[in-house]
Trainee: 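Mind looking over this structure? Questions follow.
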Amino acid sequence: SQTIHQWPATLVQPVGSPLSLECTVEGTSNPNLYWYRQAAGRGLQLLFYSVGIGQISSEVPQNLSASRPQDRQFILSSKKLLLSDSGFYLCAWSPETFNSEKLFFGSGTQLSVL
Amino acid sequence: AQKVTQAQTEISVVEKEDVTLDCVYETRDTTYYLFWYKQPPSGELVFLIRRNSFDEQNEISGRYSWNFQKSTSSFNFTITASQVVDSAVYFCALSEPYNNNDMRFGAGTRLTVKP
């Protein structure tokens, strides 16, 4: 069966510090991978998605970046965090199919930038 | 680009009441998929239903039912005889398979069911 792992669960970082959130998927190949952010009391905002190794699409210009160094690994990074980067970050995957499949979500990372 | 609107930010009901969560979407594609997800306090989103644009048949699953109406671009979700465990944030989402296949979510509706 497929599983998705996301870590850390919580993170408190000072403004200006770097960020690295990691997400890995097991039990499947060539998944579509996604990073979403949920600000406090708000909906889900798509940040990045990837359909393959090295293929990253960015939805919102910001100081965040994403990378996919391996087929089932998706990393969210920042060189210098801003206060506005605080939020709940969710990684998700879906099967590599032409028709839209449901997303499978990780357990999320609560990021607090102070 | 596609857009999903959940006008109800928060809803509070008493246990055993029926409640309907509204979802209105916008898309230029004729082929698309609609979803509902539940986010309990633990934070992880849980898939509830997927419906493609060619299937307007309403669906019932236990206490959950969905009303898909293309004429009004709506995909509403009804919980019958609500329970405290239904308390969560519910998200409606839209995906266009011919448009990068990314999924767009509404802002979510926070449902609180009081005992």
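As a basis for the values below, the full set of heavy atoms in this structure was taken, side chains included, without hydrogen atoms, waters or symmetry mates. In what follows, chains are A, B, ... by sequence order, proteins preceding strands, each numbered from 1.
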Trainee: Can you hop from A:Leu81 to A:Trp7 via hydrophobic side chains spaced under 4.5 Å?
Mentor: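 Different clusters: A:Leu81 never reaches A:Trp7 through Ile, Leu, Val, Met, Phe, Trp or Tyr contacts under 4.5 Å.
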Trainee: Quick one: CG on A:Leu44 to CD on B:Gln39, what's the gap to the nearest 0.5 Å?
Mentor: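 The CG atom of A:Leu44 sits 6.5 Å away from the CD atom of B:Gln39.
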Trainee: Supply the atom-to-atom distance B:Arg104 CZ to A:Leu46 CG, rounded to the nearest 0.5 angstrom.
Mentor: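 If I round to the nearest 0.5 Å, the distance is 5.5 Å.
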Trainee: Just wondering, do A:Gln38 and B:Phe91 contact through their side chains at under 4.5 Å, heavy atoms?
Mentor: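 The answer is yes; the side chains approach within 4.5 Å.
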Trainee: Tell me, please, which residues at least two apart from B:Glu59 pass salt bridge (charged side-chain N to carboxylate O under 4.0 Å, His left out).
Mentor: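 Applying salt bridge (charged side-chain N to carboxylate O under 4.0 Å, His left out) to B:Glu59 gives B:Arg51.
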Trainee: Is the distance between the ring centroids of A:Tyr36 and B:Phe105 under 6.0 Å?
Mentor: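 Yes - the distance between ring centres of B:Phe105 and A:Tyr36 falls below the 6.0 Å cut-off.
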Trainee: Less than 4.5 Å apart, any side-chain heavy atom of A:Lys102 and any of B:Phe35?
Mentor: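 SC-SC contact between A:Lys102 and B:Phe35 confirmed.
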Trainee: Partners of B:Glu17 by side-chain hydrogen bond (donor to acceptor under 3.5 Å, both in side chains), sequence neighbours excluded?
Mentor: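 So B:Glu17 forms no side-chain hydrogen bond (donor to acceptor under 3.5 Å, both in side chains) with any residue.
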Trainee: Report yes or no: do A:Phe48 and A:Phe105 belong to one cluster of Ile/Leu/Val/Met/Phe/Trp/Tyr joined by side chain heavy-atom distances under 4.5 Å?
Mentor: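 Shared cluster, no.
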Trainee: Are the ring centres of A:Phe104 and B:Phe47 closer than 6.0 Å?
Mentor: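 No, the ring of A:Phe104 stays outside the 6.0 Å limit from the ring of B:Phe47, centre to centre.
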Trainee: Determine whether more than 12 heavy atoms belonging to other residues, nucleotides or ligands lie under 6.0 Å from atom CG of A:Leu114.
Mentor: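 Check passes, neighbour count above 12.
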Trainee: Atom CG in A:Leu103, atom CG in B:Leu45: separation rounded to 0.5 Å?
Mentor: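 The CG atom of A:Leu103 sits 9.0 Å away from the CG atom of B:Leu45.
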Trainee: So if you build clusters from Ile, Leu, Val, Met, Phe, Trp, Tyr with side-chain heavy-atom gaps below 4.5 Å, do B:Phe75 and B:Leu94 land together?
Mentor: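 As far as the 4.5 Å side-chain criterion goes, B:Leu94 and B:Phe75 are connected within one cluster.
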